[in-house]
Amino acid sequence: MDNIFLKPAPAAADGVVRVRDPQTGAPLAASGEWKARSQYWTRRLRDGDVIEVQQAEVEPTGVRNRPEAHYPSDH
């Protein structure tokens, strides 16, 4: 299953739509989070509750987001 970077959609009243992660119950961070593509998140995208942010727009937050961190060097 592939991952997607999602942010809550803008809302007029609060600033962003409050969307909870079905596994943790925690609201999706306003700055966005990586989530496994699932039926739940696909529905949230279709309904306009969240927006998918393309890789170029995502600011790295550490080694965890860098693909090369998962592969040891040959040295």
Could you tell me which non-hydrogen atom of [X] sits nearest to which non-hydrogen atom of [Y], and how far apart they are?
X: P8; Y: A29; value: CD-O, 3.2 Å
X: A9; Y: G48; value: CB-O, 3.1 Å
X: P10; Y: V17; value: O-CG2, 4.2 Å

Any donor-acceptor N/O pair, R20 side chain to G25 backbone, under 3.5 Å:
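Judged by distance alone, yes, a pair lies under 3.5 Å.
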
Can a donor-acceptor pair be found, under 3.5 Å and without considering hydrogens, that links the side chain of D21 to the backbone of Q23?
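Yes; at least one donor-acceptor contact below 3.5 Å.
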
Which is it for E52 and R37 under the salt bridge (Lys or Arg N to Asp or Glu O under 4.0 Å) test, yes or no, and what are the steps along the way?
CA-CA 11 Å; E52 184 174 359; R37 186 180 297 274; 3.7 Å; yes

Find the distance between [atom1] ([X]) and [atom2] ([Y]) and round it off to the nearest 0.5 Å.
X: F5; Y: Q54; atom1: CZ; atom2: CD; answer: 11.5 Å
X: N3; Y: S38; atom1: CG; atom2: OG; answer: 10.5 Å
X: D49; Y: R18; atom1: CG; atom2: CZ; answer: 13.0 Å

Less than 4.5 Å apart, any side-chain heavy atom of [X] and any of [Y]?
X: W41; Y: V19; answer: yes
X: L6; Y: L28; answer: yes
X: V50; Y: K7; answer: no

Quick one: name the residues clustered hydrophobically with I51, using the 4.5 Å side-chain heavy-atom rule over I, L, V, M, F, W, Y, and just say none if it's on its own.
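The other cluster members (ILVMFWY side chains, heavy atoms under 4.5 Å, direct or chained): none.
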
